[in-house]
Amino acid sequence: MTLPIAQDPDRLRTALDQLAGLAFTKGHGTGNDFILVPDLSGETELAPDHVEALCDRHFGVGADGLIRVVESTHLIEGRDLLEHHPEATWFMDYRNADGSVSEMCGNGVRVFVHYLATRGLVDLEIGQQVRIGTRAGVRTVTRIGEEHYSTDMGPWSYIDPELAEERASDSLVLAAGLADPRPALSISMGNPHTVVALAEDADLADLDLARQPNVEPLPPNGTNVEFVVAADPLFLNGVGRLDLRVHERGVGETLSCGTGACAAATAVRIWAGDRDALTWEVGVPGGVVGVEFIPQADGTERVILSGPATLVSDGTVA
Ligand SMILES: N[C@@H](CCC[C@H](N)C(=O)O)C(=O)O
C-alpha cells in the first residue's frame, strides 16, 4: 500500500523540488479550497505526487483540490470537446488532494471562472456567461455578482436507475457516529455521490468523518458521501432547505461540495415526493449554496448551482 506523501519524506521532497518556481493562486468556494495553477499552454507536468504534495496541509500549500488552468486545445479531453463546442476555450483540469482526477467540481468551476475573469483571461461583466470545458462536459457559468456565479451543471441522473427508481434508496451507509447503517441514494452530477438520509432528530455534529464511510454496494468508480438533515419545516416561502456534511472521494471531509449539494437536494426532493419543489438552499459547514431544478421537455432536469467564489492569495513554490 502506498503511504500518504506526508509520511514519505523522500517522495515529498522530490515532488516539491520538482515544482520549485511554480506560480499558484489559492481560492475557495464556501470553504472548499483549491490551488489554481496557471498553465495556459499546457507545459507543466502535474503528476499525482505533485498534486498530493501541494495539497498537503502540513508539508505543502494545503487544499482540497488542485485546478490546472489550461486552454482546451492543449489537452486531449479539451480538444475532444472543442470539436462540438468551439466556444469552450478554457478547460478546468481538476484533481483531488490525493492526486486522483475527478470529472467535475461545482465549487471549483466558480473559482476557476473567477480566476479567469479577475486575471483578464476572459471578459466577464455581471450578467455575462462563459462556457468551460470539464471532464463531465461543457458547463455554462454566469457571473451573477462581483464574486458570485451560477453554473448550469447539466442533468442529474441515478447511478443505478433500476434500483433507485424501485426503492428510492440503493445502498446502505455506515459512518463513525451512526448507530446503524442508513439508507442512501446514489446520484451522478457528472461525478458520483451517495446521499445518506439521517434520522429527523439526528445531529450532523455527532458524525466522525475523519474515517471513510462504508457504502454498500459502492458505486463502480467510488463515491462522495453526503449526510443530510432536512430543515423543519422542509419548505419555507417555497424554498426547500437542508444541511449537509460531506466526505469527498480522494480528499476526506471538506467544508463544502457543490456537486454534493446538487446531489443532496436531488435526493431529498425525491424522498419528499415533491417534483414541484424547484428551489433549494443547502447549508454546508462553510456557508450556503443555492440549487435550482429546471425541468426539460425530455423529462430530465438541469441543475443550476449558485454560490460565491473567492481568491485569497498568490504564491510561488519555494
Ligand atoms: N468539491 C467538489 C467535488 C470535487 C471532486 C470530488 N472529490 C470527486 O472525486 O468527485 C465540488 O464542489 O463539487
Side-chain angles (χ1 to χ4, degrees), residues 26-36 46 48 51-52 54-55 57 62-68 77 91-115 132-137 139 141 148-157 159 184 186-195 209 212-213 215 218-228 244-267 280 282-292 303-310:
K26 185 78 196 292
H28 74 90
T30 51
N32 194 191
D33 61 344
F34 312 105
I35 298 166
L36 295 119
L46 283 174
V51 175
E52 202 186 344
L54 281 176
C55 289
R57 293 199 183 274
D64 296 328
L66 181 145
I67 298 175
R68 191 165 67 108
E77 299 96 317
F91 194 92
M92 176 179 75
D93 178 10
Y94 183 85
R95 323 284 180 89
N96 286 316
D98 70 352
S100 60
V101 165
S102 177
E103 304 86 340
M104 185 52 195
C105 180
N107 289 323
V109 77
R110 296 195 309 275
V111 178
F112 179 87
V113 168
H114 192 47
Y115 179 89
I132 300 299
T134 77
R135 291 192 174 83
R139 298 291 179 258
V141 183
H148 276 77
Y149 296 82
S150 74
T151 306
D152 183 337
M153 305 284 291
W156 65 268
S157 60
I159 289 182
S186 294
I187 301 276
S188 172
M189 286 306 309
N191 59 348
H193 294 271
T194 299
V195 185
L209 298 185
Q212 183 152 347
V215 182
L218 185 66
N221 300 318
T223 196
N224 300 282
V225 187
E226 288 79 27
F227 296 87
V228 300
L244 67 77
R245 277 178 69 190
V246 55
H247 187 283
E248 279 194 35
R249 178 181 67 165
V251 191
E253 183 169 17
T254 62
L255 293 186
S256 178
C257 179
T259 46
C262 297
T266 304
W280 292 76
V282 180
V284 291
V288 178
V289 293
V291 175
E292 200 160 336
V303 186
I304 312 293
L305 170 70
S306 55
T310 307

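Just so you know, ligand 1 is whichever comes first in the structure, and atom 1 is the first atom listed for that ligand.
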Exactly one of Val228, Val288, Val289 clears side chain to side chain contact (heavy atoms under 4.5 Å, CB included) with Val282, and that residue is Val289
* Asked: How about Asn191 and Thr259: does a side-chain donor come under 3.5 Å of a side-chain acceptor?
  -> yes
So the atoms of ligand 1 within less than 4.0 Å of a heavy atom of Asn32 turn out to be 1 (N), 2 (C), 11 (C), 12 (O)
Note: ligand 1 atoms sitting under 4.0 Å from heavy atoms of Met104 are 3 (C), 4 (C), 5 (C)
A student checking ligand 1 against Asn107 at a 4.0 Å heavy-atom cut-off should list atoms 11 (C), 12 (O)
Task: Any Met104 side-chain heavy atom under 4.5 Å of Met189 side chain - done: no
Rounded to the nearest 0.5 angstrom, the CD1-CZ distance for Ile132 and Arg139 is 11.5 Å
re atom 6 (C) of ligand 1, the protein heavy-atom contact at minimum distance is Asn224 OD1, 3.2 Å
re atom 2 (C) of ligand 1, the protein heavy-atom contact at minimum distance is Cys105 SG, 3.1 Å
Item checked: Nitrogen or oxygen atoms of Val251 and ligand 1 under 3.5 Å apart -> no
**Report entry** Glu103 vs Tyr94 side-chain heavy atoms within contact, under 4.5 Å
**Finding:** no
If we number the atoms of ligand 1 from 1 as shown, the ones under 4.0 Å from a heavy atom of Thr259 are 3 (C), 11 (C), 12 (O), 13 (O)
Residue pair Cys55 / Ile35, side-chain heavy-atom distance below 4.5 Å | yes
Open item on the list: For Phe227 and Leu209: C-alpha separation, side-chain torsions, deciding distance, then whether side-chain contact (heavy atoms from CB on, under 4.5 Å) applies.
Closed with: CA-CA 10 Å; Phe227 296 87; Leu209 298 185; 3.5 Å; yes
Q. Of all the heavy atoms in Cys257, does at least one lie under 4.0 Å from an atom in ligand 1?
A. yes
In this structure, atom 4 (C) of ligand 1 is nearest to the protein heavy atom Glu248 OE1, 3.2 Å
- request: Could you tell me whether Glu103 and ligand 1 have an N or O pair separated by under 3.5 Å?
  value: no
Under 3.5 Å donor-acceptor, Arg249 side chain and Asn221 backbone = yes
- Task: Answer yes or no: does an N/O atom from Pro192 fall short of 3.5 Å to an N/O atom of ligand 1?
- Result: no
For Tyr94, the ligand 1 atoms with a heavy-atom partner under 4.0 Å come out as 4 (C), 5 (C)
Student check: side-chain heavy atoms of Pro308 and Thr30 closer than 4.5 Å:
yes
For Ser102, the ligand 1 atoms with a heavy-atom partner under 4.0 Å come out as 5 (C), 6 (C), 8 (C), 9 (O), 10 (O)
for atom 12 (O) of ligand 1, nearest protein heavy atom and its distance come out as Gly258 N, 2.7 Å
